[in-house]
Each structure stands twice: as C-alpha cells, then as structure tokens.
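Just below is one structure, and these are the notes that go with it.
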Amino acid sequence: MAFRFNFSIDEYDNNEADTHDKMDLQLHSPKHKQKSTEKNRQAADAVGDPSPRLGTSNHQDEKPSRKTLCFKVAKEHNIPEDLNKVLENKVMETVSGLYYINMSVVEMKCLGNADEEGIVSKSVSSHSDLIPGVYEGGLKIWECTFDLIDYFSEAEIQFANKTVLDLGCGAGLLGIVALKGKAEKVHFQDYNSTVIDEITLPNAVANCIRTGSGGDTKTSQPPSKRPKKAEHLPDVLTRCRFFSGEWSEVSQLLLSSKKPFSKYDVILTSETIYNPDYYGSLHDTLAQLLDKNGRVYLASKEHYFGVGGGIPLFEKFIEDRNVFKTSTVKTIDRGLQRCIIEMAFKESS
C-alpha cells in the first residue's frame, strides 16, 4: 500500500491516498496519459509508455544526429545553506518509501521564471518528453527506475561504505536508495540544471531531513513522517554532490577537479540507452569513472521503438568495444519486456 502526502514546508495536513493513482503525472509521455488503480509495480506497468523518451511530433521516427547537437557543459550545484528554502512551497508525495517532488507543481513554477533553460516550456510547446541536446527526460520518473529499486531489495545489493553515482538521475530515487543504504558518497548527475535544482536536490533534501543520519534500504513501506524543518545540514547530505551537463563533460569535470575524487564502486542508471547516438559517450563515461572492481547496474526496456535503442543494440556495442562484460540479472515480462544488466570491467575480479 502506497500513500501520498501533499504539503508545503509549513503545512502539516495528513492526507493519505494511493500514490499510484497519481503516478501518471510522472510515468507517462504526453500522448499516453493513463489512470491506474493497481499497486506499485502493476501501476508502473499500466502507465509505462513503450517508448517513454520519444516525443509526439511528426518527426518522432527520426533519430537525432550527435554531430548536430550542442551538448551542455558540466557544472556542480552547491547545496543551499537554507534547506527549508529548498522545500518551500514544494508539494511532496511518496513512492516505494521515498519522498519525491510533485512534478506538475514544478512544471507550473518553471513556466514562470524558475527555468533558465526553458526546458518545460519547450517540452510543452513541442509535445515531447525528449528534445535531443536540450531536454533529456529528467522531468519524469520512468518505470525502469522501480525495476531497479525492486532488484536492489531482491538481490540484497549492499551500498554501505561505497561510492555511488546516479547517472542520468532525474528525480534521483536510485541515488537516494543508495544513500539510505549507508553509502559513503552519492553523486547525482542529470543533463539539465533545472532538473537538479528543482527536482533532484529537493528530493534528496526531503529524504535526508526525514532520515537524519541515513536509513535502511527497505522500500516496501512509505515514510511514516513528513520531512521536518532542518536546523542544520544533516550529516547524510554532506555525502552528496550534484552535477548537471552532458556525460563526457561531467566526467572531465570530475577527473580534472582539484576536489578529492575517487572512482565509483557502483554506478546506477535507468533508461539511458534509448538513443544509440549516445552510446559512445555513455560507454566512455562508465569506463572513465567506474572503479576497476566496480559494478554498473543498468535498467532498460528491451526496445525503444522510434529512437532505435534498447538492450540488444547496447550489448552489441559493449561487446564490440571489448572493455566491459555484461550479464542480464533480471528480466521483467510484464507489459513491454524490460531488463536489468550488470556490467563490470573484463579484467575485474
């Protein structure tokens, strides 16, 4: 049973409802708005778009050319000192035991002057959840995210004392689960700075304020309390860093930074192989940032119709590069087939 809590930082109404009756705000593409009364995974299956990153324009079958795109430079986003300001007037909900920002409220705010990138207005005007090189889908929570969260629990994946990267994080739920699992460090990356500032960072703050020093990795029950006001920066939040920009740019920023940096024990990524034109950048980023004995957990649909990506094509790409070994650790057959892949360096132990 999932619950939804709507509140601003100064409101304490306790309104319980089935979270997934509202999940169509996050999990759909604009042309596939569906309602579901099923719980948790069933709901995600019911509203999932078989090609979730694909827009609804007349040119949806055209694959973007990497050569014509202008990719965003990387930057690090500092955690504001006033955490209450981060959550001010935010409407929060819960799913899989985690807090997350109600996206529709964020979109309304960003249609004003809160979105310097203009990705919300561009997404709305083009009726698309994907504008290559401009907006890469971070305003939605895609269903494979929940596949990966479920797998963490089923496989008893341990995050304690590990360094973790949530790559293409969007709402940041994967990284937040790792943080609750007592990861030593968790870094979040999304293509768009608006996503980091308005969604990822507030989600991390909300969950860190509630847990204080961290929590366990169990995600079957929703939080029993709403985030409280923060009087100081929780220790758990000091383990986090937030980055926006294109993958290779972020990789370069991390590797060239004067700040201490150690390669990641675990890299988590969901629904990031929808576009074959990005495979080179993704592969090289993983190769540069993963520790020699680290693991990548990648969740994806088998095929992304219209944009051409998917599991078979990505695995063939990885095989041809001959850097990583891959194994399919879980297959989900409900609805459109989805998979979770584990990746490691070929020479790793």
Side-chain angles (χ1 to χ4, degrees), residues 40 76 79 83 94-100 144-190 200-201 203-225 227-228 230 232-243 250 254 259-270 285-286 288-299 324-327 329-330 340-345 348-349:
N40 209 342
E76 182 168 0
I79 301 172
L83 298 185
T94 60
V95 64
S96 296
L98 305 171
Y99 284 108
Y100 70 101
C144 287
T145 295
F146 299 105
D147 294 335
L148 204 45
I149 290 175
D150 289 344
Y151 176 73
F152 295 157
S153 178
E154 295 165 5
E156 299 183 346
I157 302 298
Q158 299 299 311
F159 294 108
N161 303 316
K162 293 183 178 179
T163 57
V164 179
L165 173 63
D166 187 346
L167 191 68
C169 62
L173 299 186
L174 299 177
I176 291 169
V177 170
L179 200 61
K180 288 164 65 68
K182 302 186 184 302
E184 179 181 347
K185 296 178 183 177
V186 178
H187 294 176
F188 299 83
Q189 177 277 335
D190 194 86
T200 318
L201 208 156
N203 284 348
V205 168
N207 285 278
C208 287
I209 289 176
R210 184 184 73 84
T211 59
S213 61
D216 57 38
T217 56
K218 295 178 181 179
T219 58
S220 60
Q221 296 296 326
S224 59
K225 298 180 180 179
K228 57 186 178 182
H232 56 83
L233 188 68
D235 290 341
V236 66
L237 202 54
T238 64
R239 304 182 215 157
C240 301
R241 293 175 69 183
F242 300 85
F243 301 90
V250 172
L254 286 168
K259 292 183 179 181
F261 172 74
S262 57
K263 294 191 175 185
Y264 300 106
D265 299 308
V266 181
I267 297 179
L268 310 173
T269 189
S270 174
T285 298
L286 297 176
Q288 291 167 359
L289 297 184
L290 186 67
D291 181 78
K292 63 179 182 179
N293 292 317
R295 294 291 185 270
V296 176
Y297 294 99
L298 181 151
F324 291 104
K325 55 187 175 183
T326 67
S327 60
V329 294
K330 183 177 180 179
I340 295 173
I341 292 177
E342 181 180 305
M343 298 173 56
F345 286 114
S348 67
S349 56

Is there a donor-acceptor pair closer than 3.5 Å between any side-chain N or O of T200 and the backbone N or O of G170? yes
Where the side chain of R295 meets the backbone of I267, is there a donor-acceptor pair that is under 3.5 Å apart? no
Drop me the distance from [X]'s [atom1] to [Y]'s [atom2], to the nearest 0.5 angstrom.
{"X": "Y297", "Y": "D147", "atom1": "OH", "atom2": "CG", "value": "15.5 Å"}
{"X": "L148", "Y": "L173", "atom1": "CG", "atom2": "CG", "value": "11.0 Å"}
{"X": "D291", "Y": "T163", "atom1": "CG", "atom2": "OG1", "value": "7.0 Å"}
{"X": "K185", "Y": "C240", "atom1": "NZ", "atom2": "SG", "value": "12.0 Å"}

Could you work out, with ring-ring contact (aromatic ring centres under 6.0 Å, His included) as the rule, every residue matching F152, not counting sequence neighbours? F159
Show your reasoning for whether salt bridge (Lys or Arg N to Asp or Glu O under 4.0 Å) applies to E342 and K325. CA-CA 8 Å; E342 181 180 305; K325 55 187 175 183; over 6 Å; no
Side-chain heavy atoms of L165 within contact of L268, under 4.5 Å: no
Going through the checks in order, is the salt bridge (Lys or Arg N to Asp or Glu O under 4.0 Å) test met by E184 and K162? CA-CA 5 Å; E184 179 181 347; K162 293 183 178 179; over 6 Å; no
Is there a side-chain contact (heavy atoms from CB on, under 4.5 Å) between N203 and I176? Walk through the geometry before answering. CA-CA 8 Å; N203 284 348; I176 291 169; 3.9 Å; yes
Could you check whether the rings of F345 and F324 sit parallel, tilted or perpendicular, using 30° and 60° as the cut-offs? parallel
Checking side-chain contact (heavy atoms from CB on, under 4.5 Å) for the pair C208/L179: CA distance, chi angles, key distance, verdict? CA-CA 9 Å; C208 287; L179 200 61; 3.4 Å; yes
Answer with yes or no after comparing the ring centroid distance for F242 and H187 against a 6.0 Å cut-off, counting only values under it. no
